[in-house]
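Here is the structure we will look at.
Computed over heavy atoms, backbone and side chain alike; hydrogens, waters and symmetry mates excluded.
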Amino acid sequence: MRQVSPLNRRRWRNFKANRRGFISLWLFGILFSVTLFAEFLANDKPLLVLHNGGVYTPVFVAYPETDFGGDFATEADYRDPFVIELIEGTGGTMVWPLLRYSYDTINLDLTQPAPAPPSGDNWLGTDDQGRDVLARLIYGFRISVLFGLSLTILSSIIGVLAGAVQGYFGGWVDLGLQRFIEIWTSVPSLYLLIIIAAVIEPGFFILLGILLLFSWVSLVGVVRAEFFRARNFEYVEAARALGVGTLTIMFRHLLPNAMVATLTFMPFILNASITTLTSLDFLGFGLPPGSPSLGELLAQGKANLQAPWLGLSGFFTIAIMLSLLIFIGEAVRDAFDPRKTLA
């Protein structure tokens, strides 16, 4: 097994020394890990059904109502009193998740018009369509983080590659790419999203691709500067003299130095990616209608001021998420600070 280098051990010690960032990493990791299994935490389908000696897992498989003695070949609605009677009336058992609502489940048993306030059935109330707010927060947290991570990783890969080519080769290659980046970043991405949203419904991957077209430039300048600084160092000149290939020099000898600055910026890029998705959803140009979106929940809070639980739930979820990421980013910055790694 490869040993951890003394430098990386010192970096890890410096990261843990930032107690706020270290605790934030644990909290964010726990929250994200829990929401990854949102279907087992909040769902309108049982985790397990025992019926007539058979074992069913509705959370994985869509069973028709006829499997439980019903009349229809469509998927069973396990919240329907008729289906409940079919299963439990014959001695069967249903094991439910902690929250018996999915992000798109409409509570048809509300005692007052939606949006309904928090209650024992809906812990954080419902939105203006009767959907459980807590369930939408759980699913919305997951999709926001997954979207942010995907956008951050993909844009970082493209940005690092572009910055590496610019910084290593310089000259006309650097000049040409810099002019291209200047022109490219002048394109109004919001207007482009509005135009595309008018033609097609922007789903998760379409939205990811559109934002990726413009977000990759965030790391180019940092990586370019690092390659510019290190490309004429003695060890690089020695590698060239020994006949080492260009790609080997770039990615084995120069890239590790550039990755220090890249890793320092990545938590903040993740933060910006999540904020971008939330903003687009709030404006109505993000994920398709009905998707578990934190921005859409904020928009509902703005449209329903008489239901403060909508805006407050969305606000505190986003505030906690982004605050944890900022604290983690500060700890990563301290860990890679050369003035502290030697402390």
Short question: side chain of [X], backbone of [Y] - any donor-acceptor pair under 3.5 Å?
{"X": "N14", "Y": "R10", "result": "yes"}
{"X": "S291", "Y": "P288", "result": "yes"}
{"X": "R131", "Y": "Y103", "result": "no"}
{"X": "S293", "Y": "G295", "result": "yes"}
{"X": "R231", "Y": "Y168", "result": "yes"}

More than 12 heavy atoms of other residues, nucleotides or ligands under 6.0 Å from [atom1] of [X]: is that the case?
{"X": "Q112", "atom1": "CD", "result": "yes"}
{"X": "R19", "atom1": "CZ", "result": "no"}
{"X": "F37", "atom1": "CZ", "result": "no"}
{"X": "Y235", "atom1": "OH", "result": "yes"}
{"X": "R252", "atom1": "CZ", "result": "no"}
{"X": "W96", "atom1": "CH2", "result": "yes"}

Exercise. Under the side chain to side chain contact (heavy atoms under 4.5 Å, CB included) criterion, do T57 and Y63 qualify, and how do the steps go?
Worked result: CA-CA 9 Å; T57 54; Y63 298 102; 3.6 Å; yes
Side chain proximity check, [X] to [Y], heavy atoms < 4.5 angstrom:
{"X": "I106", "Y": "L108", "result": "yes"}
{"X": "D44", "Y": "Y78", "result": "no"}
{"X": "P97", "Y": "L41", "result": "no"}
{"X": "T93", "Y": "E88", "result": "no"}
{"X": "V145", "Y": "F28", "result": "yes"}
{"X": "P115", "Y": "D127", "result": "no"}
{"X": "R9", "Y": "W12", "result": "no"}
{"X": "F227", "Y": "V222", "result": "no"}

For this session: Can you run down the salt bridge (charged side-chain N to carboxylate O under 4.0 Å, His left out) pairs that involve residues 152-174, sequence neighbours left out, and say none if there aren't any?
Result: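 Output for this query lists D174-R224.
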Problem set entry | salt bridge (charged side-chain N to carboxylate O under 4.0 Å, His left out) partners of residues 185-200, not counting sequence neighbours, each pair once |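 Sorted pair list comes back empty.
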For this session: Establish, from distance only, whether the side-chain atoms of E296 and Q300 form a donor-acceptor pair under 3.5 Å.
Result: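 Result is yes, a qualifying pair exists.
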Exercise. Between D132 and N122, do the side chains contain an N or O donor and an N or O acceptor separated by less than 3.5 Å?
Worked result: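 Checked: D132/N122 side chains pair up, N/O donor to acceptor below 3.5 Å.
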Problem set entry | Over all atoms of both residues, closest heavy-atom pair of G301 and L310 |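 For G301 versus L310, the nearest heavy atoms are CA-CB, 3.8 Å.
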For this session: Locate the shortest heavy-atom distance separating Y139 from S102; write the atom from each residue and the value.
Result: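 For Y139 and S102, the tightest heavy-atom pair comes out as OH-OG, 3.8 Å.
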Side chains of residues 241-248: which donor-acceptor pairs under 3.5 Å do they make with residues two or more places apart or in other chains?
none

Exercise. Side chain to side chain contact (heavy atoms under 4.5 Å, CB included) with V95: which residues, sequence neighbours excluded?
Worked result: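 Side chain to side chain contact (heavy atoms under 4.5 Å, CB included) check on V95 returns L48.
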Exercise. After noting the C-alpha distance and the side-chain angles of F141 and V34, does the key distance pass the side chain to side chain contact (heavy atoms under 4.5 Å, CB included) rule?
Worked result: CA-CA 10 Å; F141 187 98; V34 169; over 6 Å; no
Exercise. Can we call the ring centroids of F60 and F40 under 6.0 Å apart?
Worked result: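 Close enough - the centres of the two rings lie under 6.0 Å apart.
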Exercise. Which is it for T66 and D71 under the side chain to side chain contact (heavy atoms under 4.5 Å, CB included) test, yes or no, and what are the steps along the way?
Worked result: CA-CA 6 Å; T66 52; D71 301 323; over 6 Å; no
Exercise. With under 30° as parallel and over 60° as perpendicular, where do the rings of H51 and Y56 fit, or are they tilted in between?
Worked result: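 Ring orientation of H51 relative to Y56: tilted.
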Exercise. Any Lys/Arg nitrogen of K45 or E39 sitting under 4.0 Å from an Asp/Glu carboxylate oxygen of the other?
Worked result: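 Between E39 and K45 there is no salt bridge, as every charged N stays at least 4.0 Å from the carboxylate O atoms.
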Between side-chain atoms of residues 319-332 and protein atoms elsewhere (two or more places apart, or another chain), which donor-acceptor pairs fall under 3.5 Å?
from: S323; atom 1: OG; to: A319; atom 2: O; distance (Å): 2.7
from: E330; atom 1: OE1; to: R20; atom 2: NH2; distance (Å): 2.7

Problem set entry | Residues which pass side-chain hydrogen bond (donor to acceptor under 3.5 Å, both in side chains) with Y101, listed by chain and number, not counting sequence neighbours |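 If we apply the side-chain hydrogen bond (donor to acceptor under 3.5 Å, both in side chains) test to Y101, skipping adjacent residues, the hits are R79, N107, D121.
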